[in-house]
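The next block holds one structure in the form of structure tokens; read it before the comments.
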Amino acid sequence: MSEVRTRFAPSPTGNLHVGGAHTALFAWLFARHEGGKFVLRIEDTDEVRSTDESLAAIYDGLRWLGIDWDEGPDVGGPYAPYIQSERLEIYEDYINRLIESGRAYRCFCTPEELEERREIQRARGMPPRYDRACVDLPEDQLQTWLAEGKPYCVRFRVEDEGTTVINDVVRGEVSFDNEVLGDFVIRKTSGYPTYHMAVVVDDYLMKISHVIRAEEHLSNTPSHVQLMEALGFDVPVFAHLPLIMGTDRTKLSKRHGAVNLMDYKEQGFLPEAMRNFLALIGWSPGTDEEILDLQQLIDRFTLEGVSKSPGIFDLEKATWLNGEYLKRADAEYLTELLLPMLREHDLIEDDLSPERRRWLVDVVDLMKERTRLLKDFVTWGRYFFTEDFPYDNRARKKWLSREEVPERLDMLAERIEALETWDVDSIEQAIRGLADELDVSASKIIHPCRAACTGQTIGPSLFHLMELLPQDSVVRRLRRAAELGRAGEMEPVGSVDEGPDD
Ligand code: GLU
């Protein structure tokens with residue numbers, strides 16, 4: 001077989017959506033699995049809606065996911081340019097060839113005339129299709145209108161009998177009745193080609209072997225195949241990816257979570273977790289493996305593993321997967337990702353000394369086992385960075401509002417203050433020593449101490465987290481909680497706060 005070449009062909013009319021990222025990932029994984037090439041082509045034939053910001057957002061989103069391209073607008077390649085608005089002459093040439101061969105014709109019908117005729121068709125219960133009013137215009141009429149500069153578009157004259165059969169790797173053989181196609185526009189009144197025209201020409205010229213795209217384009221495919229045949233192009237292999245739905249089996253929308261890929265970055269998803277998650281939507285490695293690193297995804301990816309039925313976007317699963325990645329991630333790496341978030345929340349200084357940075361890596365190392373999203377470091381882990389943290393309702397209810405607690409916290413504060421070394425062992429001894437002296441189980445000191453120091457009932461190892469807090473800050477935290485408890489200000493308020501479950 002000749003070289004595998006796939007492409008991602010986004011229209012730069014908004015952010016990179018989860019669906020677009022999913023399509024890009026599948027086309028990319030397939031190319032990488034096959035040792036082929038992956039092309040990024042920008043389809044900006046919608047002159048009105050295409051923007052440079054959107055183009056930048058597409059680059060950012062793909063790069064964040066770790067998708068690279070062998071050819072594209074910024075890196076060039078043998079079939080440049082890779083932006084459709086820079087290829088207009090190429091399309092014009094093919095459009096003219098179709099006109100000359102009689103497979104395309106100029107149509108001077110105005111939008112109002114078209115609408116009027118569609119109304120009539122609808123009223124008669126017929127599917128609204130172009131009625132070919134301009135298909136065989138007398139030559140003199142055509143020349144007069146052209147000379148007058150009357151606006152026109154160019155339509156492809158479809159084969160309207162029989163069927164067009166698509167062999168789709170995912171969907172199998174799909175047959176379309178040609179009758180429903182209608183003579184579609186290939187060149188707009190503005191002179192721009194339509195998506196149908198540009199996509200067909202570019203897939204051919206860029207030697208795309210496999211067109212891997214979203215299912216919504218399946219219904220366009222018979223039109224594309226007819227165009228390819230009329231132009232004498234080979235038909236590529238098609239693979240239409242399944243729709244993506246929410247867990248309630250409706251089309252993915254904002255109701256199910258963010259649709260803009262980069263919102264997941266904001267929320268603290270790791271790119272490798274998101275990539276793993278997206279890969280498992282509508283594709284299976286054929287085993288029950290769920291955590292697959294980049295190389296495993298590339299090794300296992302085949303189009304045969306793509307499912308016909310809709311893929312489910314399950315945010316719970318994405319979050320779980322992200323937690324698994326956080327657990328396994330290197331603390332240095334996570335620290336780098338976390339720093340901008342901490343700065344945004346004013347939780348860390350801009351200029352980190354080497355010691356402070358080492359401290360932060362230790363905090364991350366301790367916390368990462370228990371987080372699901374990077375932002376959990378900022379919310380659940382807030383107490384590492386400031387004494388201004390909330391006491392959640394579980395901490396208030398179970399410990400901080402109890403009558404015997406303030407006195408114990410004060411006693412502990414005294415012992416902590418007196419410690420000459422500040423490490424896990426000395427902290428543990430102080431806590432266990434107090435418990436022995438009061439003749440209570442260690443947990444009766446440990447739990448209120450955690451609640452006082454962190455505002456929560458669970459978290460990483462208490463002695464280790466205390467070691468990472470300044471000794472004087474721990475003393476202040478214990479005394480403050482005691483004082484608030486005594487003043488009756490540790491009663492639970494409102495509903496149970498968002499926090500780690502215990
Ligand atoms: N520009 C089209 C889109 O963004 C690409 C469709 C295709 O891959 O053929 O939906």
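Just follow the structure's listing: the first ligand is 1, and inside any ligand the first atom is 1. Because only heavy atoms are used, hydrogens play no part in the values below, and waters and symmetry mates are left out as well, while side chains stay in. All values reported here derive from a predicted model rather than from experimental measurement.
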*Apply side-chain contact (heavy atoms from CB on, under 4.5 Å) to S284 and list each qualifying residue two or more places apart in sequence or on a separate chain.*
none

_Checking P271 now: which residues fulfil side-chain contact (heavy atoms from CB on, under 4.5 Å) with it, not counting sequence neighbours?_
W64, Y333

_Close side-chain approach of F377 and M341, heavy atoms under 4.5 Å_ =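 A side-chain contact is absent here, since even the closest heavy-atom pair is not under 4.5 Å.
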
*Are a donor atom and an acceptor atom from the side chains of D314 and T247 found within less than 3.5 Å of each other?*
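Not at all, the side chains of D314 and T247 share no donor-acceptor pair under 3.5 Å.
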
*Indicate whether any N or O donor in one side chain lies under 3.5 Å from an N or O acceptor in the other, for Y195 and D46.*
no

Please tabulate, for side-chain N and O atoms in residues 138-148, each donor-acceptor pair with protein atoms closer than 3.5 Å (sequence neighbours left out).
| residue | atom | partner | partner atom | Å |
| --- | --- | --- | --- | --- |
| E139 | OE2 | Q143 | NE2 | 2.7 |
| T144 | OG1 | D140 | O | 2.6 |

*asked:* Distance under 4.0 Å, heavy atoms only, partner ligand 1: which residues pass?
replied: R7, A9, P10, S11, E43, Y195, V199, R213, H217

